[in-house]
Amino acid sequence: MPEGHTIHRLAAALTARLGGHEVRASSPQGRFAEEAAVIDGARVRRVSAHGKHLFVEYAGRGAPVVHVHLGLGGRVVVGDTAAPAPRGAIRLRLETADAFADVRAPTVCELIDPARQRALIARLGPDLLARSPDPATARRRVSRSRVAIGALLLDQKLFAGVGNAYRSELLFRCGFSPWMPGSEVGADGFDRLWEEARRLLADGRRTGRVATVDRADLPRGQRRSAGRHLPPEDEASGSAVARARARETYVYKRADLPCRRCGSVVRTALQAGRDVYWCPTCQPGPADPSSARTDGAVG
DNA sequence: GATTTATGGTAAT
DNA sequence: TTACCCTAAATCT
């Protein structure tokens, strides 16, 4: 689930509930027990995000920071009640008298110092959800790279916060084949990708969903719900929600279905280790490597 | 009940 | 490029 928009949304939700409070910390699952004891009862200053990384910051100079990365399957369940009895594996539970946050299945959950936090952020590229992220480095590196733009978009050193769903949707909306080398995208093309990434991620942060289809491109019956905010309680689970989400993208997860714009069959292939989706008509450009390889090997 | 999948990232190769 | 990591939810049988 979590691309940058989810993490920023979480940071805001957690700051609102925990910021300024002395917060109980525990590890019902046990794997974060020692660390939780260190911060148990400490006052949370705020919860911040950079790209897909989440930081729980505590009051006081040099105070430790909880660093969380949710990876693929991780999630944070937020509630506005006293914390219920733990169910399942909860790596970290933060709670006040009337709110709680459960961190489940993160790939990273660690206690670090502020210097380490700064180092982590420095290692990442500009966060597309920051107030005014600087595109200069990414623009230069993309323009000089022979690597396909679809692979470059997943590089967190260039585009912190972009994940697999937004990659395909961004490329569709800007009309680029995922297989076009970065060097052929052009300065203007880069700028369009950059601005589109900022816009889509900001929409996602606002609404809680990766809904990238313009109203005009939806069937009439679906236009009414487009852009509606997702209630937080629906965010965590439910196959109905998952199905609804699958109808909110141009190409992501739509292999073999018709393109919403032109009706061509949406294609998919592995790129940079992840499934990328694209419309061969709306996104003209180099043929993907699999078709090229077939030509060469079989011909 | 078992298996697969996931909007991620790293380390080894 | 591949293997692997954690876990929950979706998908299978």
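Residue numbers begin at 1 in each chain, while the letters A, B, ... track the order of the sequences.
- What separates CG of Leu154(A) from P of dA6(B) is a distance of 15 Å, to the nearest Å.
- There is a path of hydrophobic side-chain contacts, each under 4.5 Å, that joins Leu111(A) to Val76(A).
- One interatomic measurement links the two molecules: CG of Leu70(A) to C1' of dT7(B), which rounds to 11 Å at whole-angstrom precision.
- For Leu270(A) and dA6(B), the CG to P distance is 11 Å, given to the nearest whole Å.
- Exactly one of Arg173(A), Arg260(A), Arg261(A) qualifies for a salt bridge (charged side-chain N to carboxylate O under 4.0 Å, His left out) with Asp217(A). That residue is Arg261(A).
- Using bins of under 30°, 30° to 60° and over 60° for the plane-to-plane angle, the ring pair Phe190(A)/Phe159(A) lands in the tilted bin.
- Per the geometry, NZ belonging to Lys253(A) stands 12 Å off C1' belonging to dT11(C), to the nearest Å.
- Within the structure, every side-chain polar atom (N or O) of Gln156(A) is placed at least 4.0 Å from both OP1 and OP2 of dT10(B).
- By the 4.0 Å N-to-carboxylate-O rule, Glu95(A) lies too far from Arg24(A) to be salt-bridged with it.
- Leu200(A) has its CG atom 17 Å from the P atom of dT7(B), to the nearest Å.
- Residue Gln29(A) is classed as a sugar-phosphate contact, given heavy-atom separations below 4.0 Å to backbone atoms only.
- The shortest distance between the side-chain N/O atoms of Arg75(A) and the OP1/OP2 oxygens of dA9(C) is below 4.0 Å.
- Annotation: proximity of residues 110-130 of chain A to DNA chain B (heavy atom, distance under 4.0 Å) is found for Arg123(A), numbered in ascending order.
- With P as the reference atom, dT4(B) and dC4(C) are 15 Å apart, rounded to whole Å.
- Counting non-hydrogen atoms under 4.0 angstrom, Arg87(A) reaches nothing in the nucleic acid.
- Seen from the ring of Phe100(A), Arg93(A) counts as a face-on cation partner, given the 6.0 Å and 45° thresholds.
- One finds a side-chain N or O of Arg104(A) lying less than 4.0 angstrom from the OP1 or OP2 phosphate oxygen of dA8(C).
- In this structure, Lys52(A) atom NZ and dG8(B) atom C1' are separated by 6 Å, rounded to whole Å.
- Applying the 4.0 Å criterion to OP1 and OP2 of dT7(B), one finds that His5(A) has every side-chain N and O outside that range.
- The side-chain heavy atoms of Cys259(A) and Tyr250(A), taken from C-beta on, include no pair separated by under 4.5 Å.
- Relative ring orientation between His67(A) and Phe55(A) is described as parallel, the plane-to-plane angle staying below 30° on a 0-90° scale split at 30° and 60°.
- With distances taken from any side-chain atom of His69(A) to the nucleotides dT7(C), dG8(B), dA6(B), the minimum falls on dG8(B).
- OP1 or OP2 of dG8(B) sits under 4.0 Å from a side-chain N or O of Arg274(A).
- With both ends at atom C1', the span from dT1(C) to dT7(B) equals 22 Å, rounded to whole Å.
- Atom CG in Asp102(A) sits about 20 Å away from atom P in dC6(C), given to the nearest Å.
- Atom NE2 of His67(A) and atom P of dC6(C) are 17 Å apart (whole Å).
- For the pair Lys253(A) and Asp275(A), the salt-bridge criterion is not met [side-chain N within less than 4.0 Å of a carboxylate O].
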